[in-house]
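These notes are about the structure you will find just below.
Start at 1 with the first residue, then count along the sequence. Quick note: numbers below take in every heavy atom, side chains included, and nothing from hydrogens, waters or symmetry partners.
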Amino acid sequence: GYKIRVRTPQRFCEEYNQSEGKILIPSSYESTADHKIYMGCIPTNMDEKRIREICEAFGMLRSFNLRKDPDNPEKHKGFAFFEYVEEKVTDRAVKALNGLDIGDKKLKVQRASIGQKVAPLQTSNPVNTGFLNNVPSEKKITIPRWAMEASKVVQLLNILTPEDLM
């Protein structure tokens with residue numbers, strides 16, 4: 001078979017830069033998840049400019065991402081992620097913004113939990129959950145317990161033929 005190396009954009013940029021001797025890593029990849037901030041319970045009638053102004057009251061922003069509604073790009077989903085250029089501002093901003101009354105809502109502001117592992121859903125019998133409920137019992141296969149565990153490894157089979165590479 002053919003082997004395909006899949007890398008995260010950051011890892012790809014790092015390897016590419018080392019091989020080419022150029023610095024192409026975007027600044028968004030240089031930041032650490034430890035200083036990213038989550039802001040939730042944002043009133044949906046509030047515009048992006050006003051939300052950004054509230055965040056910028058504590059310092060210059062390195063990144064700001066207000067999540068848009070895919071069905072209506074004019075509206076947002078009511079939460080954002082942002083990060084300050086000066087990392088020491090993070091705790092002060094979280095403390096001041098968390099619980100702030102805006103309209104009829106109170107903002108929920110905390111450090112973002114990017115990359116943290118979520119506890120797996122515990123079920124009594126994982127084979128009898130989800131889409132497998134619709135599979136007849138004679139067609140079900142036994143799935144080993146280790147295959148049900150979260151993993152960083154993904155195996156992709158039959159996605160390319162030799163003709164695709166020519």
Establish whether L97 and V85 are linked, either directly or via other cluster members, by ILVMFWY side-chain heavy-atom contacts under 4.5 Å.
no
Neighbour count >12 (heavy atoms, 6.0 Å) for atom [atom1], [X]:
X    : atom1 : result
K68  : NZ    : yes
E53  : CD    : yes
K105 : NZ    : yes

May I ask you to decide if D91's main-chain N or O and H35's side chain share a donor-acceptor pair within less than 3.5 Å?
no
[X] side, atom [atom1]; [Y] side, atom [atom2] - distance, nearest 0.5 Å:
X   : Y    : atom1 : atom2 : answer
C41 : D104 : SG    : CG    : 10.5 Å
F82 : S63  : CZ    : OG    : 9.5 Å
I51 : M39  : CD1   : CE    : 7.5 Å
M60 : E83  : CE    : CD    : 12.0 Å

Do the non-hydrogen side-chain atoms of [X] and [Y] ever get within less than 4.5 Å of each other?
X   : Y    : result
I42 : L66  : yes
T90 : R111 : yes
R62 : Y84  : no
N65 : R67  : yes
D69 : H76  : no
I37 : V94  : yes
M46 : I54  : yes

Aromatic rings F79 and Y38: how do their planes relate, parallel, tilted or perpendicular, breaks at 30° and 60°?
tilted
Nearest heavy-atom approach of L100 to A96 is CB-O, 4.4 Å
Would you mind telling me which of K49, R50, E48 makes a side chain to side chain contact (heavy atoms under 4.5 Å, CB included) with R52?
E48
